[in-house]
Amino acid sequence: MSERAVFATRIGAIAATVGSAVGLGNIWRFPYEAGQHGGGAFLLIYLACVLVMGIPVIVAEFVIGRASRKNVCGALRALSPWRGLHFFGYLCVLASLMIMSFYSVVCGWILEYIMQAVRGGMTGHTSQQNAEMFAQFVQNPWRSVMWTILFLLLNYLILRRGLKRGIERLSNVLMPLLAVLLLAFCLNSLFMPQVWQGLSFLFTPDFSQISPRMVVGAMGQAFFSLSVGLSCLLTYASYFKENDSLLRNATMVAVFDTLVAILAGVMIFPAVFSYGVAPEAGPKLIFEVLPSIFQQMPVGGLWAVMFFALLFVAAITSTISVSEASIAFFCEEWGMSRNRASLLNTVVSMIFGSLCALSFGVMSGFTIAGKTLFELFDYVASNVFLPVGGMFFCIFVGWLLDRKLVKDQLTNHGTLSPRMLKPLIFCVRYVAPAAILAVFLYGIL
Ligand code: PHE
C-alpha cells in the first residue's frame, strides 16, 4: 500500500472511533451483564475499569497506531526494540474474528426484529409472548443462520467501499440520531410504574454482590465496550491526522461510550421491573424487554422500527472496526487487495458465525467448559483476550517505546500541552497493567 488513507475530517475521525466503541456492547451487553451481576455494584466497578484501565489502553493504542501508521503486526514490527513481538498481532486478529462471529449473530437478531417490527409482528403481545417469540426464533436453525449471513454480507458491502466513503460517512450521520432516540426512550422509561426499583437496581451498589466473577466480568465489559485490546483503535488511529489530539479523542470515546451504556441501563431496568422480566435473563434480556416498551408507547410499531434500525447502525459501525483491524492486517502483511481481504474476513466470520448462531438451537448441547460456542467466544475474547491485549499495549507504550516518541504523539510534537499528561503516562506504565493483572489473579484465585 503506497498511499495510506486518513480520515477526511477531525469530526469524521471522532465519529468513526466513537462509532466503533458504541454498539451492542453498550445497549445489548451492558444491561445484561449488569443485570446478571447485581446492578449498582457492577456499574461502579465497570466505571473504575473504564477510568484506570480503559482510557490508558485507548491512549496506548492510539500512540502505536498513529506513530507507525500501520496494522497491528506492522506497527509492532516497526516500533518494537525487540524482534518477534509482532506475533502478538496474530492474537489480535484471532480475537477480532472471534468477536465478529458471535457479534454478527446478535446483529442477525436485530435484523429479524426490524422485520418483525415492520410487519407488526410484535403488537399485542404480552411479555410472556415476547419471550416465547424470541425463544422460538433463536432455536430455528435456518432463520438465525440466514440473518447472520445476511448481516455479514451487508458488512462486507460497506467494507468494500473503503474508509472514507463507507465508514466515515455512515458514522457521521447516524450516531447522533441514535443518541437522540436513546434519550427519548430513557424519558419514556422514567414514567414506568417500577421506575424507582429499576433505577435503584442500577445506581445503588450492593457491595455483597462483588465477587471474582463479577469483577472479571466488569473488566471484560469495559474492554469490550470501549473496543480496546484488539487493535481496532490502533488501526483507526493509524488513519488519524497528525494534528488530531490523541488525548482529546480518547476522552471523547470513553465519555460517549460510558454515557450510552448508562442511558441504555436507564432505558432498560425500569422496564425490566415493570414488566416482570428477570434482570439476570442474560443475552436475551433486551430482546424480551424492548418489545414490551414499544407496545406501551403511542405508535409503538414506528418506534420499534426506528430503534432497531439505529441499533443496527450502531452495531455495524462496530463490526466495521473489528473487521478493519484484520483487513488492514491481511492487506499489509499478506499483500491482499482490500476486496480479497474483506472477503476472507467475511467468509471466516460466516462459518464461525453460523456455528455460534446454532448454539441456541441444534448445537446447544455442544459445550466446552460448560459454555456453548457463542458463550465461549464471547467469554474468551472479552474477558481474556481483550484485557491481555490491553495490558500488552500499555506495557509496550509505557516501557518499550522510546519516551520521546510517546510524548511527541501525545503533545503533537510539543504543540499541545495536555494537563493530564503526567498522570496519564503514570497510568499507562503502572496502574493499568497492575490493575489488569490484579483482576486476573483475583478471578483465578
Ligand atoms: N465496542 C463495540 C461495542 O460496544 C464492540 C467491539 C469490541 C468493537 C471490540 C471492536 C472491538 O459494540
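For ligands, and for the atoms within them, numbers begin at 1 and follow the listed sequence. Along the sequence shown, the residues carry numbers beginning at 1.
- Side-chain contact of Asn155 with Ser104: a donor-acceptor pair under 3.5 Å is absent, judged by distance alone.
- A donor-acceptor contact shorter than 3.5 Å is absent between the side chain of Arg248 and the backbone of Pro418.
- Test Leu154, Ile149, Thr148 against Leu152 for side chain to side chain contact (heavy atoms under 4.5 Å, CB included) and you get one pass: Thr148.
- Relative to atom 12 (O) of ligand 1, the option among Tyr103, Trp28, Phe30 with the closest non-hydrogen atom is Tyr103.
- Of all atoms in ligand 1, listed by their number and element, those nearer than 4.0 Å to a heavy atom of Val322 are 8 (C), 10 (C), 11 (C).
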Exercise. Determine, step by step, whether Trp109 and Tyr113 satisfy the ring-ring contact (aromatic ring centres under 6.0 Å, His included) criterion, reporting the C-alpha distance in whole Å, the side-chain angles of both residues, the deciding distance to 0.1 Å, and the verdict.
Key: CA-CA 6 Å; Trp109 298 350; Tyr113 272 65; 8.5 Å; no

Practice problem: Would you check, one step at a time, whether the test side-chain contact (heavy atoms from CB on, under 4.5 Å) holds for Thr372 with Phe366? | Solution: CA-CA 6 Å; Thr372 63; Phe366 177 78; over 6 Å; no

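- A donor-acceptor contact closer than 3.5 angstrom links the side chains of Glu324 and Tyr239.
- Note: no N/O pair closer than 3.5 Å links Asp257 and ligand 1 by distance alone.
- For ligand 1, the atoms closer than 4.0 angstrom to any heavy atom of Ser20 are 1 (N), 2 (C), 8 (C).
- For atom 8 (C) of ligand 1, the nearest non-hydrogen atom from the set Ser227, Gly389, Ala381, Ala261 comes from Ser227.
- Each of the following atoms of ligand 1 lies closer than 4.0 Å to a heavy atom of Cys232: 10 (C), 11 (C).
- Near Asn26, meaning under 4.0 Å from one of its heavy atoms, ligand 1 places the atoms 4 (O).
- With a 4.5 Å cut-off on side-chain heavy atoms, Phe385 and Phe223 do not count as touching.
- Scanning Val22, Thr317, Val106, Leu230 for the heavy atom closest to atom 11 (C) of ligand 1 points to Leu230.
- The residue from Phe385, Phe224, Tyr236 that puts a heavy atom closest to atom 1 (N) of ligand 1 is Phe224.
- Residues Arg69 and Glu332 are not paired through a salt bridge, judged by the lack of any N-O separation under 4.0 Å between the basic side chain and the carboxylate.
- The Ser225 neighbourhood of ligand 1 comprises atoms 1 (N), 4 (O), with distances under 4.0 Å to a heavy atom of that residue.
- When only non-hydrogen protein atoms are considered, atom 4 (O) of ligand 1 lies nearest to Ala21 O, 2.8 Å.
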